[in-house]
Amino acid sequence: MLIGLCFSLLLGLSRGNMAIANGTARTVHGSFLPELAFDGDLHTFYHSGHSNDPEWLQLNLVKPTRVACVIVVNRISFESDAWAWENQDVSRDRLLGTTVLLVGSTSTTTCGSVETTKQDATSVQDQSYTIPCSQDAEKALSVRLENDVQLTGRQIVMQIAEVTVIANI
């Protein structure tokens, strides 16, 4: 039921994500700022720099929140994005190994990771990953996404179209 609730809320992304106050990141590529990961627009995205070191994106919540799940949407390859269409194998693996953490005032809890990617992804739903969080975790002050997976011959890069934080009501 919880996963279904998280998935149904994903369809309303155009309203934006009001639970997130601001974002910070280890690195930023050009003008692809952390705020683009929670602006409600799937055509924009956060893009980290290219690095051999682990990348992270931290989203600070408006208030301490018990998080039920986090929905992470991979950068979507639209027809106007010629590079992404020609490099679908690279695009689909962007979130592989991304771990979702809840940062509280006294502890950090791991919700889970993107363990496999969807190789036949052709839609927003196909590029969405729902990571459930433990109901025993303390209220989160922020949600942190970390990636230290270096695909063969490539640097670590995060490109995230949207992050939605679903509170436990």
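Reckoned from all heavy atoms, side chains included, excluding hydrogens, waters and symmetry mates.
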Can you measure from [atom1] ([X]) to [atom2] ([Y]) and round to the nearest 0.5 angstrom?
| X | Y | atom1 | atom2 | result |
| --- | --- | --- | --- | --- |
| I160 | F38 | CD1 | CZ | 12.0 Å |
| T109 | L102 | OG1 | CG | 6.0 Å |
| T106 | E138 | OG1 | CD | 3.5 Å |

Quiz item: After noting the C-alpha distance and the side-chain angles of L61 and I20, does the key distance pass the side-chain contact (heavy atoms from CB on, under 4.5 Å) rule?
Solution: CA-CA 4 Å; L61 304 176; I20 300 171; 4.2 Å; yes
Quiz prompt | Sequence-distant partners of T108, side-chain contact (heavy atoms from CB on, under 4.5 Å), two or more places apart | solution =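 Listed in chain order: L101, V103.
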Exercise. For S31, check side-chain contact (heavy atoms from CB on, under 4.5 Å) against everything at least two apart and list the hits.
Key: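 If we apply the side-chain contact (heavy atoms from CB on, under 4.5 Å) test to S31, skipping adjacent residues, there are no hits.
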What pairs with [X] under side chain to side chain donor-acceptor pair (under 3.5 Å), at least two apart in sequence or on another chain?
| X | result |
| --- | --- |
| T24 | none |
| S142 | Q58 |
| E146 | R144 |
| E35 | none |

Quiz prompt | Residues C133, C111; criterion disulfide bond (SG atoms under 2.5 Å apart); working and verdict | solution = CA-CA 4 Å; C133 299; C111 292; 2.2 Å; yes
Show the nearest heavy-atom pair for residues [X] and [Y], with the distance to one decimal.
| X | Y | result |
| --- | --- | --- |
| A68 | Q135 | CA-NE2, 3.7 Å |
| D41 | T44 | O-OG1, 3.0 Å |
| P132 | C69 | CA-CB, 3.8 Å |

Exercise. Take the angle between the ring planes of F32 and H29 and call it parallel below 30°, perpendicular above 60°, tilted in between.
Key: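 F32 and H29: parallel rings.
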Quiz item: If Ile, Leu, Val, Met, Phe, Trp and Tyr residues are connected whenever their side-chain heavy atoms lie under 4.5 Å apart, and connections chain through other members, are V100 and L141 in the same group?
Solution: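 No, V100 does not connect to L141 through the hydrophobic network.
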Quiz item: With the 4.5 Å side-chain cut-off for hydrophobic clustering, are I131 and W56 part of the same group?
Solution: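 As far as the 4.5 Å side-chain criterion goes, W56 and I131 are not connected within one cluster.
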Practice problem: May I have the step-by-step check of side-chain contact (heavy atoms from CB on, under 4.5 Å) for L95 and R75, ending in yes or no? | Solution: CA-CA 9 Å; L95 292 180; R75 174 183 168 197; over 6 Å; no
Exercise. Quickly, which of D148, N147, N74 forms a side-chain hydrogen bond (donor to acceptor under 3.5 Å, both in side chains) with T98? Name it, please.
Key: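 The side-chain hydrogen bond (donor to acceptor under 3.5 Å, both in side chains) with T98 is passed solely by N147 among D148, N147, N74.
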Quiz item: So, Q159 side chain and F45 main chain: donor-acceptor pair closer than 3.5 Å or not?
Solution: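 Side chain of Q159 to backbone of F45: no pair is present.
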Quiz item: With distance as the sole criterion, is a donor-acceptor pair present between the side chains of E55 and T27 under 3.5 Å?
Solution: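 Side chains of E55 and T27: pair found under 3.5 Å.
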Exercise. Please test H47 against V157 for side-chain contact (heavy atoms from CB on, under 4.5 Å), starting from the C-alpha separation and ending with a verdict.
Key: CA-CA 7 Å; H47 188 321; V157 178; 3.6 Å; yes
Quiz prompt | Criterion side-chain contact (heavy atoms from CB on, under 4.5 Å) on Y46 and V28, from CA distance to verdict | solution = CA-CA 8 Å; Y46 158 71; V28 176; 4.2 Å; yes
Quiz item: Going by heavy atoms in the side chains, are L42 and V73 under 4.5 Å from each other?
Solution: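 L42 reaches V73 side chain to side chain.
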Self-check item: For E162, the option from D39, V72, I71 that meets side chain to side chain contact (heavy atoms under 4.5 Å, CB included)
Solution: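 Exactly one candidate clears the test, D39.
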